K.L.:
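Please see the structure below; I have some questions.
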Amino acid sequence: QVQLVESGGGSVQVGGSLRLSCVPSGYTFSRDLMGWFRRAPGKEREAVAAISTEDGSTYYADSVKGRFTISQDNAKNMVYLQMNSLKPEDTAMYYCAADIENIGRRIYGGGWTNQRRYGYWGQGTKVTVSS
């Protein structure tokens with residue numbers, strides 16, 4: 001059973017940086033889509049970024065482009081989300097998600113923001129940005 005474990009959340013001031021990490025226990029990256037999502041208080045969960053573990057293609061929400069960077073370390077079997085120039089509106093619970101072998105894409109279709117295609121989710125790590 002694949003389990004996703006996130007870490008790296010915390011409290012920072014505006015303009016600060018954090019790096020989130022996600023490791024899938026019980027699985028080694030192959031041809032997957034790994035994504036980061038977030039849910040701010042009182043809001044719907046939204047897509048933040050994703051990376052193809054097969055070819056390294058990356059995808060970003062407009063709200064984080066130029067500030068956040070998603071990356072993978074195949075040697076450590078980890079995915080990272082480097083978050084720079086943080087803003088108060090980045091405050092949220094951040095979740096790592098996986099579409100293992102792109103099975104979800106074949107079943108549900110859609111692009112990287114389609115949450116239904118991600119069959120595995122972590123418990124979340126909290127990020128708080130204060131002014």
Side-chain angles (χ1 to χ4, degrees):
Q1 180 72 12
V2 177
Q3 290 186 319
L4 304 180
V5 180
E6 305 103 330
S7 61
S11 297
V12 294
Q13 291 189 325
V14 169
S17 298
L18 284 173
R19 189 178 77 161
L20 306 183
S21 302
C22 174
V23 57
S25 63
Y27 184 76
T28 301
F29 291 147
S30 176
R31 296 176 294 275
D32 325 292
L33 186 70
M34 299 295 295
W36 285 98
F37 292 77
R38 67 186 181 187
R39 177 181 280 136
K43 293 189 177 182
E44 299 280 322
R45 188 168 61 189
E46 63 176 359
V48 176
I51 186 167
S52 165
T53 62
E54 182 174 18
D55 62 14
S57 297
T58 57
Y59 311 90
Y60 296 95
D62 288 343
S63 59
V64 306
K65 278 181 182 176
R67 301 188 298 122
F68 291 10
T69 302
I70 189 171
S71 62
Q72 63 183 75
D73 185 329
N74 289 334
K76 295 182 178 180
N77 202 47
M78 293 184 76
V79 170
Y80 303 101
L81 184 68
Q82 178 67 44
M83 305 186 296
N84 299 328
S85 301
L86 284 162
K87 304 175 181 180
E89 51 264 43
D90 295 317
T91 294
M93 188 71 80
Y94 283 72
Y95 300 90
C96 178
D99 181 2
I100 301 296
E101 297 284 344
N102 281 299
I103 291 174
R105 183 185 65 185
R106 293 195 288 273
I107 296 173
Y108 300 106
W112 72 275
T113 61
N114 182 8
Q115 299 187 33
R116 292 188 68 194
R117 64 180 288 183
Y118 295 87
Y120 298 92
W121 292 82
Q123 293 298 307
T125 185
K126 189 174 182 180
V127 172
T128 302
V129 184
S130 57
S131 56

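Quick caveat: nothing in here was measured; it's all calculated off a predicted structure. Quick note: residue numbers are just sequence positions, from 1.
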K.L.:
Pairs under 3.5 angstrom only: tabulate donor-acceptor contacts from the side chains of residues 78-86 to other protein residues two or more places apart or in another chain.
P.N.:
unit_1 : atom_1 : unit_2 : atom_2 : d
Gln82  : NE2    : Asn84  : OD1    : 2.9
Asn84  : OD1    : Ser17  : OG     : 2.9

K.L.:
Which residue pairs pass the salt bridge (Lys or Arg N to Asp or Glu O under 4.0 Å) test with at least one member in residues 70-95, sequence neighbours excluded?
P.N.:
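Residue pairs passing salt bridge (Lys or Arg N to Asp or Glu O under 4.0 Å), neighbours aside: Arg38-Asp90, Arg67-Asp90.
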
K.L.:
What distance do Tyr95 atom OH and Arg45 atom CZ have between them, rounded to the nearest 0.5 Å?
P.N.:
7.0 Å

K.L.:
Nearest 0.5 Å please: distance from the CG atom of Leu33 over to the CD1 atom of Ile103.
P.N.:
13.0 Å

K.L.:
From Thr53 OG1 over to Asp32 CG, what is the distance, rounded to the nearest 0.5 angstrom?
P.N.:
3.5 Å

K.L.:
Could you walk me through whether Gln1 and Tyr120 pass the side chain to side chain contact (heavy atoms under 4.5 Å, CB included) check?
P.N.:
CA-CA 10 Å; Gln1 180 72 12; Tyr120 298 92; 4.0 Å; yes

K.L.:
Sorted by first residue and then second, give each salt bridge (Lys or Arg N to Asp or Glu O under 4.0 Å) pair with at least one member in residues 92-121; sequence neighbours left out.
P.N.:
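As it turns out, the salt bridge (Lys or Arg N to Asp or Glu O under 4.0 Å) pairs with a partner in residues 92-121, which skip direct neighbours, are Arg31-Glu101, Asp99-Arg117.
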
K.L.:
Mind checking the CZ-CG spacing from Phe29 to Asn77? Nearest 0.5 Å is all I need.
P.N.:
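Those atoms lie 4.5 Å apart.
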
K.L.:
Please find the pair of heavy atoms, one from Gln72 and one from Gly56, that lie closest to each other, and give the distance.
P.N.:
OE1-CA, 4.3 Å

K.L.:
Kindly work out whether a path of hydrophobic side-chain contacts (I/L/V/M/F/W/Y, heavy atoms less than 4.5 Å apart) joins Val14 to Leu20.
P.N.:
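Yes, it is one cluster - the side chains of Val14 and Leu20 are joined through contacts under 4.5 Å.
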
K.L.:
For the backbone of Ile70 and the side chain of Tyr60, can you confirm whether one donor and one acceptor N or O come within less than 3.5 Å of each other?
P.N.:
yes

K.L.:
Under the disulfide (SG to SG under 2.5 Å) definition, can you give me all pairs with a residue in residues 76-131, not counting sequence neighbours?
P.N.:
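Qualifying pairs: Cys22-Cys96.
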
K.L.:
Quick one: side-chain contact (heavy atoms from CB on, under 4.5 Å) partners of Thr113, sequence neighbours excluded?
P.N.:
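Counting only residues at least two positions away or on another chain, Thr113 forms a side-chain contact (heavy atoms from CB on, under 4.5 Å) with Ala47.
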
K.L.:
Heavy atoms, side chains only, cut-off 4.5 Å: are Ser52 and Trp112 in contact?
P.N.:
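Not in contact.
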
K.L.:
Under 3.5 Å, side chain of Thr91 to main-chain N/O of Val129, donor-acceptor pair present?
P.N.:
yes

K.L.:
Give, for atom OH of Tyr27 and atom CD of Gln3, the distance between the pair rounded to the nearest 0.5 Å.
P.N.:
15.5 Å

K.L.:
Looking at Asp55 and Ser57, would you say the former's side chain and the latter's main chain have a donor-acceptor pair under 3.5 Å?
P.N.:
yes

K.L.:
Determine whether more than 12 heavy atoms belonging to other residues, nucleotides or ligands lie under 6.0 Å from atom CD of Gln123.
P.N.:
no

K.L.:
Following the transitive rule for hydrophobic clusters with a side-chain heavy-atom cut-off under 4.5 Å over Ile, Leu, Val, Met, Phe, Trp and Tyr, establish whether Val2 and Trp36 coincide in one cluster.
P.N.:
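They do share one cluster, since a chain of ILVMFWY contacts under 4.5 Å joins Val2 to Trp36.
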
K.L.:
In chain order, what residues pass the ring pair (Phe, Tyr, Trp, His ring centres under 6.0 Å) check against Phe37, with sequence neighbours excluded?
P.N.:
Tyr118, Trp121

